[in-house]
S.K.: 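The structure is given below, and queries will be raised subsequently.
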2 protein chains.
Amino acid sequence: MESLGGAGLRSGGARSQVIDLLAQQSCCRSAQEICDELRQEGSAVGIASVYRALEALEGMGLVQKTDLGEGSRMYEPVIPGGDHHHHLVCESCGRITPFEDERLERAIHDLADGRKHTATVHEVVIRGNCSSCRS
Amino acid sequence: MESLGGAGLRSGGARSQVIDLLAQQSCCRSAQEICDELRQEGSAVGIASVYRALEALEGMGLVQKTDLGEGSRMYEPVIPGGDHHHHLVCESCGRITPFEDERLERAIHDLADGRKHTATVHEVVIRGNCSSCRS
DNA sequence: ACGATGTTGATATTCATTATCGTCAAGGTA
DNA sequence: TACCTTGACGATAATGAATATCAACATCGT
């Protein structure tokens, strides 16, 4: 929250609500889902403010935008030094399963280094069928 | 081309033109780009036919849809047994650089296996700054 | 209190994608 | 050949996510 002030931004109602909601989520949410959930809690946030907040947070590296190919983009919090995951998407039931893999992370970083390309963010999406859908 | 007939589809003009164009491309193109390029060559393809062709090809596993976060989705041919690459996206100049990495592929497949999740397709996008933009 | 500046929600707008529709070409049958 | 069924075609309308606009409102420094 202090980082907002540092970037010359104030924390109006809508923005802080989006931050609070995202902080409680472990995995991704779409802008519409975030807006709906906040409205169900009684606040009158507009969808525009949600997009604005997400854009600002993304610029600060606190939120990562991901596209899982299901029509709308998904947003999830980036916990500095904390868990960093990617997604398995089931093509049959649509379920999204997060996963973490140290070996994959190392491969990606080494690769970017070798190409002299900085890797601010990266995303990995694996599509297929989950174990329950295959049985 | 024969695979079209096998799937109960005929190869009308538009579809084969999309196939021909994609076969010549090594990296990704948006639907609009494909449509524009075909029109510049003199054919009167409609954008709807391009989407239809891409959808059919994707269903057959001959085309992979990718979202690089630049507004529109990108499509690229899948060459069976041939080169299989992912993308580095420069956040500064927007350039898209394809890359191939065997170690990354192995990590992804082992990971999916361990989770009993089939991996029909997967995509990796690395965002950062390319070497020319950093200097 | 007051003005400058940033934020808000509603809404209009843009733009990629999908659905619809009438037309047309290809194949099959007699 | 003539006819008919089926599927593909291009144009365009419709959908829906994301962005831009705008007037009203907060917040902060003075």
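Quantities reported herein were computed from a predicted structural model and do not represent experimental measurements. Lettering of chains follows the sequences in order, A, B, ..., and the numbering in each one begins at 1. Note that these values count all heavy atoms, side chains included, but never hydrogens, waters or copies made by symmetry.
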S.K.: Rounded to whole Å, how long is the line connecting atom CD of B:Glu70 with atom C1' of C:dT14?
M.R.: 18 Å

S.K.: With side chains defined as the heavy atoms from C-beta onward, is the minimum distance between A:Leu111 and B:Ile126 less than 4.5 Å?
M.R.: yes

S.K.: Considering heavy-atom distances to DNA chain C, does B:Gly71 or A:Val50 have its closest nucleotide positioned more toward the 5' end?
M.R.: A:Val50

S.K.: With a 4.0 Å limit, can you tell me whether A:Arg39 has a side-chain N or O closer than that to the phosphate oxygens OP1/OP2 of C:dA10?
M.R.: yes

S.K.: Which nucleotide in the set C:dG9, D:dA18, D:dC9 lies at the smallest distance from any side-chain heavy atom of A:Arg73?
M.R.: D:dA18

S.K.: Do the side chains of A:Arg127 and A:Glu91 get close enough for a salt bridge, i.e. N-O under 4.0 angstrom?
M.R.: no

S.K.: Given the structure, check if the side chain of B:Arg52 and the base of D:dG10 hold any donor-acceptor pair shorter than 3.5 Å.
M.R.: yes

S.K.: In whole Å, what is the span from the CD atom of A:Glu55 to the C1' atom of D:dA18?
M.R.: 10 Å

S.K.: Whole-Å distance between C:dA16 P and B:Ile47 CD1?
M.R.: 9 Å

S.K.: So what does A:Ala44 touch, heavy atoms closer than 4.0 Å: a base, only the sugar-phosphate, or nothing?
M.R.: sugar-phosphate

S.K.: From C:dT7, C:dT11, C:dG9, pick the nucleotide closest to the side chain of A:Ala14?
M.R.: C:dG9

S.K.: Looking at D:dA17, I'd like to know if its phosphate oxygens (OP1 or OP2) sit under 4.0 Å from a side-chain N or O belonging to A:Ser72.
M.R.: no

S.K.: Compare side-chain N and O positions of A:Tyr51 against OP1 and OP2 of D:dT19 and report whether any pair is under 4.0 Å apart.
M.R.: no

S.K.: Assign the ring pair B:His109 / B:His122 to parallel, tilted or perpendicular, where the plane angle (0 to 90°) is split at 30° and 60°.
M.R.: perpendicular

